[in-house]
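All remarks here apply to the structure that follows.
Position 1 is the first residue of the sequence; numbering continues from there. Only heavy atoms go into these numbers, but all of them, side chains included; no hydrogens, no water, no symmetry mates. These figures come from a predicted structure and were not determined experimentally.
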Amino acid sequence: MKMKKVMSLVLALSMALSLTACGGSGEQAAAPAAEPEAAAPAESEAAPAEDDAAAPAETEAAAEATGADVSGKTVVFIPKVTGNAFFEAANDGAQKYAADWGITVDYQGSATAGVADQVQVINQAVASGADAICISTVDAAGVRDALLEAQEAGLAVCTWDSDAQSDARALMVSQGTPEILGQMLVDMSVDALEKRGVDPKNDEVQYVWHYSQATVTDQNSWQVAGEAIIAKDYPNWKKVADNYYSNQDAEQAVSTGAAILDAYPDIDLIICNDSTALPGQLKAAQNKGITKDDMTITGFATPMAIKEYCDAGVLYEWGLWDCGIQGALGCYLAAYMAAGNEVKVGDKISVPGIGDCEVMANDCLTEGDTTADTNNGVVLLPERVVFDESNVNDYNF
C-alpha cells in the first residue's frame, strides 16, 4: 500500500511527550498469539510440578492486565452529526470490533450539529439504562452538565474526536495533540503550495481558516496551534480574515466556501480542519473552475469524501487518521470503565484486536489541564496519514 505517513513529526513529538501509542491493526495484533498456543502442550508436558503450581498466578496476572470483562455492556456512541462520512466510518469501525468484544454499540445522534441535540441524546442514554457514553462533543461547555449528570447516574463517560471538559469524562481518545495536528495542517499547506510553484518561506501567502465552530474543542485547538506555527516559521503569511464557520452543515460548507472565494478571489490558501468544511470548500472551488494549480485547499476529511475532487484536480493532498479505529477504541474504553476497571496515568490498557494503549495526562491536549488521580486521562492514536492521488484508492472509508 502506498502511504505518505507523517511519521517523522509524530515520532519526534511522541518522544518529547514520552508516549507509548496504541498497537497495530487487529490482524497484526492477533497473529503472534497463534504460535505460543501451538507450543503450549509440549511446554506443559515437560514442565516440573512447581511450574504447574505457578500457572494460576500467571493467569491471574494476565487477567488483571486485561481488566474486567466488557462483554454485555451497552455503549451509546454519539457523533457530532450523523450523515457525515467521518462519523459514519467511525461507527462502522466501532460496530465491527463490538461484535468481537461482545458489547453493544448504539449509534445515536442528530443530523444537526447542535448542543441541544447532543444533550437530548445524552439524556436518552441515561433513561435507556445504557452502561456508558462515548461522545464527540460539539461544545465542551454546553454538554458538561448533561455529562456530569450521566456520570452521577452511574454511566461511564468517554470522549473521542472532540473532547468534553476533563472533569465531565473519564478517558479521551484523541487523534493527536494540537501541536501534532496543527503542524500536519501547516505541513500539508506548505507542500501543496510548493507543488504549484509558490515559495512558502519567501512569498506572501494570503490564507484563511474554514471549519465548523469556534466551540468545537478539537478543531479550534488545531487552528490555534497552526497559527502559532505559522507565526514562528512563516511570518510572511497574511491571514486575510477571521475564521469562517459552516457548522458542520454540508450545504452551508459550500455556501461559506463560495463566500470566501467571492471575498478573496486571489487567496493563496484555505485550510479546512473539518471533514464537512473541506469537501464543501472544494465543491465551491470546483463550481468556479478553480484547480489545485490556481489555489491551495487542504485539511482533514476521509479519503472517499475527497476522492472525486482529487481525481478532478481540485487539490493536491489532505489528511486524516483511521477514524474506524478511533471510534472502536473510544467505545471499548467506555465499556472498560463501565465494567468497573480503574486506571491512572501511565497505565497500559490491552485492547483486543487493537493493542496496548497508554493513559496520558490531560495536559498533553490542553496546557494547564489537571488530571484526576484515577479514571481520567487521554489515549492517543498512533499515526496520521496524508492522502493524494497516489494512495487514495488504497482506502475505503
Compare all side-chain heavy atoms of Gln248 with those of Phe86 and state whether any distance is below 4.5 angstrom. no

Can you hop from Ile306 to Val254 via hydrophobic side chains spaced under 4.5 Å? no

One should read off an interatomic distance between Ser246 OG and Gln252 CD, to the nearest 0.5 angstrom, of 6.0 Å

Under a 3.5 Å threshold, yes or no: a donor from one side chain and an acceptor from the other, between Asn220 and Tyr211? yes

In plain terms, say whether Lys195 and Asp191 are close enough for a salt bridge, that is, a side-chain N and a carboxylate O under 4.0 Å apart. yes

Lys/Arg-Asp/Glu bridge criterion (N-O < 4.0 Å) met for Arg144, Asp139: no

For residues Trp160 and Gln175, is any side-chain donor paired with an opposing acceptor at under 3.5 Å? no

Quiz question: by atom type and distance under 3.5 Å, do the side chains of Tyr316 and Asp293 form a donor-acceptor pair? yes

Quiz question: by atom type and distance under 3.5 Å, do the side chains of Asn391 and Asp394 form a donor-acceptor pair? no

Could you check whether Asp369 and Ser166, counting side-chain N and O atoms only, form a donor-acceptor pair closer than 3.5 Å? yes

In sequence, state the C-alpha distance, the side-chain angles, and the governing distance for Asn84 and Thr276, and then conclude on side-chain hydrogen bond (donor to acceptor under 3.5 Å, both in side chains). CA-CA 7 Å; Asn84 173 278; Thr276 303; 2.7 Å; yes

Taking C-beta and beyond as the side chain, do His210 and Ile271 meet within less than 4.5 Å on heavy atoms? no

Looking only at non-hydrogen atoms, find the nearest pair between Asp322 and Leu381 and report the distance. O-CD1, 4.2 Å

Those residues that, when tested against Trp318, pass ring pair (Phe, Tyr, Trp, His ring centres under 6.0 Å) (two or more places apart): Phe387

Which pair of non-hydrogen atoms, one from Ala146 and one from Val119, has the smallest distance, and what is that distance? CB-CG1, 4.0 Å

For residues 253-268, pull every pair meeting side-chain hydrogen bond (donor to acceptor under 3.5 Å, both in side chains), keeping only residues two or more places apart or in separate chains. Asp262-Lys288

Is the closest side-chain heavy-atom distance between Val351 and Tyr336 below 4.5 Å? no

Lys/Arg N to Asp/Glu carboxylate O, Lys80 vs Asp117, below 4.0 Å: no

With a 3.5 Å cut-off and no angle check, do the side chains of Lys344 and Asn376 form a donor-acceptor pair? no

Beyond-backbone contact of Ile267 with Val240, side-chain heavy atoms, under 4.5 angstrom: yes

Counting heavy atoms not belonging to Glu194, are there more than 12 under 6.0 Å from its CD? yes

Determine the minimum heavy-atom distance between Pro265 and Met295, stating which atoms define it. O-CE, 4.0 Å

Pair Tyr107-Val76, side-chain contact (heavy atoms from CB on, under 4.5 Å): steps then yes or no: CA-CA 6 Å; Tyr107 186 61; Val76 176; over 6 Å; no

Report yes if some heavy atom in the side chain of Asp233 is under 4.5 Å from a heavy atom in the side chain of Val186; otherwise report no. no

In sequence, state the C-alpha distance, the side-chain angles, and the governing distance for Thr291 and Asp294, and then conclude on side-chain hydrogen bond (donor to acceptor under 3.5 Å, both in side chains). CA-CA 5 Å; Thr291 74; Asp294 303 317; 3.1 Å; yes

For Phe397, check ring pair (Phe, Tyr, Trp, His ring centres under 6.0 Å) against everything at least two apart and list the hits. none

Within 6.0 Å of CD in Glu389, more than 12 heavy atoms from elsewhere: no

Just so I know, are the side chains of Thr370 and Asn362 near enough to count as touching, which here means a heavy-atom distance under 4.5 Å? no

Verify the neighbour count for atom NZ of Lys201: are there more than 12 heavy atoms of other residues, nucleotides or ligands below 6.0 Å? yes

Classify the side-chain pair Arg169/Asn375 by whether it contains a donor and acceptor separated by less than 3.5 Å. no

Flag the pair Trp237 / Glu204 as yes when at least one side-chain heavy-atom distance between them is below 4.5 Å, and no otherwise. no

Could you verify whether a donor N or O on one side chain and an acceptor N or O on the other, from Gln95 and Asn91, lie under 3.5 Å apart? yes

